[in-house]
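In what follows, every chain begins at residue 1, and chains take the letters A, B, ... in the order their sequences are listed. Not measured: the values here are computed from a predicted model.
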Amino acid sequence: MAKSKLITPMGEDYSRWYTDVVTQARLADYSPVKGCMVIRPHGYTLWENMQQALDRMFKETGHQNAYFPLFIPKSFLAKEAEHVEGFAKECAIVTHSRLKTEMVDGKATLIPDPDSKLDEELIVRPTSETIIYHMFAKWVKSYRDLPILMNQWANVVRWEMRTRLFLRTTEFLWQEGHTAHATPEEAEAETRKMLDVYATFAEEFMAVPVLTGRKTDSEKFAGALHTYCIEALMQDNKALQAGTSHNLGQNFAKAFDLKFQDEEGKWRHAYNTSWGVSTRLVGAVIMAHGDDNGLVLPPKIAPIQVVIVPIYRSGDDKDAILAKAAEIRTELTAAGLTVELDDRDKMNPGAKFNEWEMLGVPLRIELGPKDLEKGTVVCARRPDRAKSFEQMSGIAGTVSTILDEIQAQMLETARERRDAATFNVDDYDAFKAKLDDGGGFLLAHWCGSDACEAAVQAETKATIRCITFDAPEEEGACMKCGEKSTRRVHFARAY
RNA sequence: CGGGGCGUAGCGCAGCCUGGUAGCGCACCUGCUUCGGGUGCAGGGGGUCGGGUGUUCGAAUCACCCCGCCCCGACCA
């Protein structure tokens, strides 16, 4: 297997491998603004495909899309104490509404016009709880107005110190669902339901297996009662939080006076939930499936599902082969597949193979003179690069089947990889040793105290990623302090 | 914000120490050739050497200042 000229091998430097894949596969590029990225068509189509599947699932669970503004009055953020504290450190602030030209050292320079200073400064939303619950409060009067089940697709800004393409950028795209309910039970059910939607989406579309469970208090959303999460493991055995769902209780309802009259005419505060996934999911797909040849995409979300590469020796073959290739493309497109026919003349097949592999196209169809004679095509699967001969007749059905197999196989492979990197650890020294020797999810006993959690993090950089719902009851002793514990939690070093 | 590194053609780099008219690979353009795993040959275009100031007859190269980016850490989806 020829080594890629453009991508640093994963084993050599995982971090560079990731950056190489993102840039070489033309998913994104660095913006002139630090910490921001340009999402290029190949990356954006991937995001759109994920978006569409999620959006459908949100609608199926009764939610409607809306759009709230980018700018939030500064005073709004201050209303929920824990929330301010969580986000204040990373907010971009709009202070002026105009620029003006000023001469500095003989050069014309733009400065904020002092006369245009805003009476109330605006913050660029880091998340929209405040503005949304403020609006909900206007709209809700009666229990008959509940529940409100809303979602918005938007950009948000969090002024991060360290950024990485897709995984953490200053501005990112996401969806944030926001709901209001009459009872705590309903809110809790909603929180869990949307987490399940995320888990289903991650596994069925992204082919990324996820843990589902609860965050510890130190990891929960600022302002939430509690936070649920889906947590995935990347190929460098670091964990990635892939989505969160928060039960906000009445915290925001109280802060924003979101009240309704119940059946008895009594005023009560509503119960809120919020839940979100972001373009970070693109990073998750890259890191869960990619290899040294580049991107590997699950068929269900791949921007291009099938690429046809014609192979011909001379002008004589060329016309017939291209005609046949076009015919196959038409047939596949008619079957609802996204197909690219690579008829670039100046490039030889090997170069095309490598390029499409780098872009992660799940299935390549090779069509050459020998195939034309025999009525076959060669199908090459991206994940394992396996090739097979397939009959040209009924190709659409065959291809669909293969794509389904690839989708299933990718989830299976990712699951095996994760399970092979998940370990029970009982002893703190063993825990530390394991972290430095490969890492992964380490299932260990924890007493439940913030102090032990913080100490472990300070000493090892590992955090409690998730207290899984399905963790079995088990008598044990906290690996840090030795106090009683009733279940294991998932520790890992994380992104 | 701390530590480190790097700014020279679109990308990756050499040249800098020891100052003397800017080079290599890839990519790009033209033509031919090749095509079942990154074809080969020939020709060609492209650079205010991150910015400023200074030293010097002369600065990519030396000095000082500034800016930017990347990597590692603390914080975070």
Please classify the nucleic acid contact of [X] as base, sugar-phosphate, or nothing, using heavy-atom distances under 4.0 Å.
{"X": "A/Leu240", "answer": "nothing"}
{"X": "A/Thr127", "answer": "nothing"}
{"X": "A/Ser278", "answer": "base"}
{"X": "A/Arg344", "answer": "nothing"}

So which nucleotide does [N] pair with, by the Watson-Crick or G-U wobble rule with both distances under 3.5 Å?
{"N": "B/C6", "answer": "B/G68"}
{"N": "B/U53", "answer": "B/A63"}
{"N": "B/A42", "answer": "B/U30"}

Side chain to side chain donor-acceptor pair (under 3.5 Å) partner of A/Gln241, the single match among A/Arg280, A/Glu219, A/Lys215: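 By the side chain to side chain donor-acceptor pair (under 3.5 Å) criterion, A/Gln241 pairs with just one of A/Arg280, A/Glu219, A/Lys215: A/Lys215.
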Any donor-acceptor pair under 3.5 Å from A/Thr179 side chain to A/Asn272 backbone: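 Checking the backbone N and O of A/Asn272 against the side chain of A/Thr179, no donor-acceptor pair under 3.5 Å is found.
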Closest to the A/Thr19 side chain, choosing from B/C71, B/G36, B/A77: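 Among the listed nucleotides, the one closest to the side chain of A/Thr19 is B/C71.
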Nearest-nucleotide pick for A/Asn354, side chain only, options being B/G73, B/A77, B/G37: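 Taking heavy atoms from C-beta onward, the closest nucleotide is B/G37.
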Atom-pair distance (CD on A/Glu373; C1' on B/G36), nearest Å: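 After rounding, the gap between these two atoms is 13 Å.
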hbond_proxy A/Glu357 side chain to B/G37 base (donor-acceptor, 3.5 Å cutoff):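 Such a pair is found, so the answer is yes.
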Quiz item: A/Arg313 side-chain donor-acceptor pair to B/G36 base, under 3.5 Å: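 Between B/G36 and A/Arg313, which were checked side chain against base, a qualifying N/O pair under 3.5 Å is absent.
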Toward the 5' end of RNA chain B, by each residue's nearest nucleotide, A/Met358 or A/Asp345: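 The residue whose closest nucleotide sits nearer the 5' end is A/Asp345.
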Residue mapping more 5' on RNA chain B - nearest nucleotide basis, A/Ala494 or A/Leu367: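 The residue closer to the strand's 5' end, by nearest nucleotide, is A/Leu367.
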side-chain N/O A/Lys352 vs B/G36 OP1/OP2, d < 4.0 Å: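 Checking A/Lys352 against B/G36: no side-chain N or O falls below 4.0 Å of OP1 or OP2.
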